[in-house]
2 protein chains.
Amino acid sequence: MPEHRSRKDAVRNREAVLTAADTLFSRCESPEEVTMADIAAAAGVGKGTLFRAFGDRVGLLRALYEARLEPLREAVETGPPPLGPATPPRQRVPALLDALLCFKLDNRHLAVALEESGSASPYQVEHYERWHGLLRAALGQIPDLTDSDFTAHALLAAVRADLVEHLAGQQRVPRERLRARLADYTARVLAPGPPGQSTTED
Amino acid sequence: MPEHRSRKDAVRNREAVLTAADTLFSRCESPEEVTMADIAAAAGVGKGTLFRAFGDRVGLLRALYEARLEPLREAVETGPPPLGPATPPRQRVPALLDALLCFKLDNRHLAVALEESGSASPYQVEHYERWHGLLRAALGQIPDLTDSDFTAHALLAAVRADLVEHLAGQQRVPRERLRARLADYTARVLAPGPPGQSTTED
DNA sequence: TTGAAAGCGGACTCAAGGTCCGGATTCTAC
DNA sequence: GTAGAATCCGGACCTTGAGTCCGCTTTCAA
């Protein structure tokens, strides 16, 4: 192979930083009490290393987030039902949202940190586009849904990290209860029957 | 009146700061390119004045936001239908959400600035509780809705400032189209028909 | 008019993200 | 194995913006 992507101390340090950041974020309640200097110190490297490897704070957060999200991404893209692409839309949409909710429950601090990291609204983070496109496509295959684009946005908004954090973290809503609520809500949104005029029940 | 709440230069400066901040926020695209020093300079006062009057950045944002929101608040609390308390819930809920959407469309920068101001998730801002309580109460009067609490959160999430900003600002979705989408979506959520066990359909 | 309480404002502090460069480490070529 | 160059390390340093402080000014009541 003609390209040596990076030196081995580089990859080692990169891993160390990711691990340290992961630990720190999961330990602290608020993501902003974890500074870049803290992370560097915990990883046993200098700040320069940290910034060279990830660019800036958001880059580090994103890398962490993507790494954590990888299994789910794979399950969605090439896995079996109910998450995989072969699932019928009416089952897949709730499954996707439930998976996303569980992910944010399991990675609360990290997700909050990324979604509210400075100026980057979640809608500018690349993976939001993926989820939105996915959901939109699935919704588009369900008849009677007038606008799958907005619906996808609205459904994703229901599992935003800070809302999840507020409900699960602040108000101590149990995990299963939250999942049930979301499932109910999703089912209602997907329920057959055109909106606007509450027509004949079917 | 025995209490002179504040000196007249104090109130004059307070107004000047609010006006200046309003102007600056509506002029700039991103809320963080407006610094406290900028606001102070534009208002023709010192930074000390600004911080004494509002405590900190979030306090200033909140004061601005509340001031802007005041007419809507009054319309909701003591006004005529479709916003006022006399409105039947099935009409009031969409009306409230539409009003909120319009407000955020009209005050995009300010709303974004407040909702993502540092660590304060929108769920810790006091007025979120008001809206949520309002919506929740209205939803509670609609039969067949299993959990008005979560539903209220989810519906409010659909009009979050950064989503509105993303759709209206970034993707140039026209105002009326957005309102129509939200109305459709709301109608779907409120549509009669039991959720949950309808997944046996396909 | 006058004294003092309230307010003013800009210089200052502090914290955190981000940069830089001399020195150490790794990899390749021989 | 070794030389030498490219890469990387790391912490001192810079910048920026929120928030503080205190001597001076304005307001207000007596």
Side-chain angles (χ1 to χ4, degrees), chain A residues 1-21 24-25 28-64 109-110 112-114 116-120, chain B residues 1-21 24-25 27-64 109 112-114 116-120:
Chain A
M1 64 186 88
E3 300 247 18
H4 279 172
R5 297 304 302 158
S6 43
R7 263 166 43 174
K8 83 177 175 195
D9 53 350
V11 299
R12 175 174 43 79
N13 281 335
R14 186 187 166 90
E15 287 310 310
V17 168
L18 280 176
T19 305
L24 288 183
F25 277 116
C28 296
E29 270 314 303
S30 172
E32 13 211 281
E33 61 196 44
V34 178
T35 75
M36 297 301 268
D38 290 340
I39 297 172
V45 303
K47 287 178 62 177
T49 303
L50 190 154
F51 280 98
R52 198 173 324 99
F54 297 100
D56 58 2
R57 185 174 229 264
V58 177
L60 171 57
L61 270 306
R62 206 150 46 195
L64 248 181
H109 299 148
L110 179 57
V112 170
L114 181 59
E116 74 178 24
S117 65
S119 63
Chain B
M1 61 186 86
E3 300 248 18
H4 280 175
R5 295 306 302 157
S6 45
R7 261 164 47 170
K8 83 178 174 195
D9 52 350
V11 299
R12 174 174 42 81
N13 282 334
R14 185 187 167 91
E15 286 310 310
V17 167
L18 281 176
T19 305
L24 288 184
F25 277 116
R27 178 145 47 223
C28 297
E29 271 313 302
S30 171
E32 11 212 283
E33 61 195 43
V34 178
T35 74
M36 297 299 270
D38 290 340
I39 297 172
V45 303
K47 286 178 63 178
T49 303
L50 190 154
F51 279 98
R52 198 171 327 98
F54 298 99
D56 58 2
R57 187 173 226 265
V58 178
L60 171 56
L61 270 307
R62 205 150 45 195
L64 247 181
H109 299 146
V112 170
L114 181 59
E116 73 179 25
S117 64
S119 63

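Naming: A, B, ... by sequence-line order, numbering from 1 per chain. Side-chain atoms are counted along with the backbone in the values below, which use heavy atoms only and exclude waters and symmetry mates.
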| field | Of all pairs that satisfy side chain to side chain donor-acceptor pair (under 3.5 Å), the ones with a partner from residues 10-19 of chain B, not counting sequence neighbours | value |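 For residues 10-19 of chain B: none.
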| Where along residues 40-50 of chain A does a heavy atom come under 4.0 Å from DNA chain D, residue by residue in number order? |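 Residues of residues 40-50 of chain A that come under 4.0 Å of DNA chain D are, in numerical order, A:G44, A:V45, A:G46, A:K47, A:G48, A:T49.
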| Listed partners of B:A20 passing side chain to side chain contact (heavy atoms under 4.5 Å, CB included), at least two apart |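 Per chain and number, B:A20 pairs via side chain to side chain contact (heavy atoms under 4.5 Å, CB included) with B:A42, B:A43.
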| query | A:T35: what forms a side-chain hydrogen bond (donor to acceptor under 3.5 Å, both in side chains) with it, not counting sequence neighbours? | reply |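 With neighbours one apart ignored, the set is A:D38.
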| field | Under-4.0 Å side-chain N/O to phosphate OP1/OP2 contact, B:N13 with C:dC8 | value |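 Yes, because at least one side-chain N or O of B:N13 sits under 4.0 Å from OP1 or OP2 of C:dC8.
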From [atom1] of [X] over to [atom2] of [N], roughly how many Å is that when rounded to an integer?
X: A:F51; N: D:dC8; atom1: CZ; atom2: P; answer: 18 Å
X: B:E33; N: D:dA18; atom1: CD; atom2: C1'; answer: 17 Å
X: B:D9; N: C:dC8; atom1: CG; atom2: C1'; answer: 8 Å
X: B:D56; N: D:dG17; atom1: CG; atom2: P; answer: 17 Å
X: B:R14; N: C:dG7; atom1: CZ; atom2: C1'; answer: 14 Å
X: B:I39; N: D:dA18; atom1: CD1; atom2: C1'; answer: 12 Å
X: B:L61; N: D:dG19; atom1: CG; atom2: P; answer: 11 Å
X: B:F54; N: D:dT20; atom1: CZ; atom2: C1'; answer: 18 Å

| task | Assign each of A:G55 and A:T35 to its nearest nucleotide of DNA chain C by heavy atoms, then name whichever residue's nucleotide is nearer the 5' end. | result |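 Result of the comparison: A:T35.
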Atom pairs, protein N/O to nucleotides 1-7 of chain D N/O, distance under 3.5 Å:
| residue | atom | partner | partner atom | Å |
| --- | --- | --- | --- | --- |
| D:dT7 | O2 | A:R7 | NH1 | 2.1 |

| message | Reading DNA chain D from 5' onward, which residue's closest nucleotide shows up sooner: B:R52 or B:K8? | response |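 First, find each residue's nearest nucleotide; the 5'-ward one identifies B:R52.
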| CD1 of B:I39 to CG of B:L60: how many Å apart, nearest 0.5 Å? |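 CG of B:L60 is found 5.0 Å from CD1 of B:I39.
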| Within the modelled atom types, does a donor on one side and an acceptor on the other bring the side chain of B:R12 and the base of C:dG7 under 3.5 Å apart? |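 Result: no qualifying N/O pair found.
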| task | Provide the closest heavy-atom pair for A:F25 versus A:A113 in the form atom of the first, atom of the second, distance. | result |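 Closest pair (atom of A:F25, atom of A:A113, distance): CE2-CB, 4.1 Å.
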| Closest approach of A:H109 to A:C28 (non-hydrogen atoms, all atoms of both residues) |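 Scanning both residues completely, I find the closest heavy atoms to be ND1-O, 3.3 Å.
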| What residue pairs, at least two apart or across chains, pass salt bridge (charged side-chain N to carboxylate O under 4.0 Å, His left out) with a residue in residues 49-62 of chain B? |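 Every candidate salt bridge (charged side-chain N to carboxylate O under 4.0 Å, His left out) pair involving residues 49-62 of chain B fails, so no pair, neighbours aside, qualifies.
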| request: Please say which of B:L64, B:L18, B:L61 ends up in a side-chain contact (heavy atoms from CB on, under 4.5 Å) with B:F54. | output: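 Exactly one option meets the side-chain contact (heavy atoms from CB on, under 4.5 Å) with B:F54, and it is B:L18.
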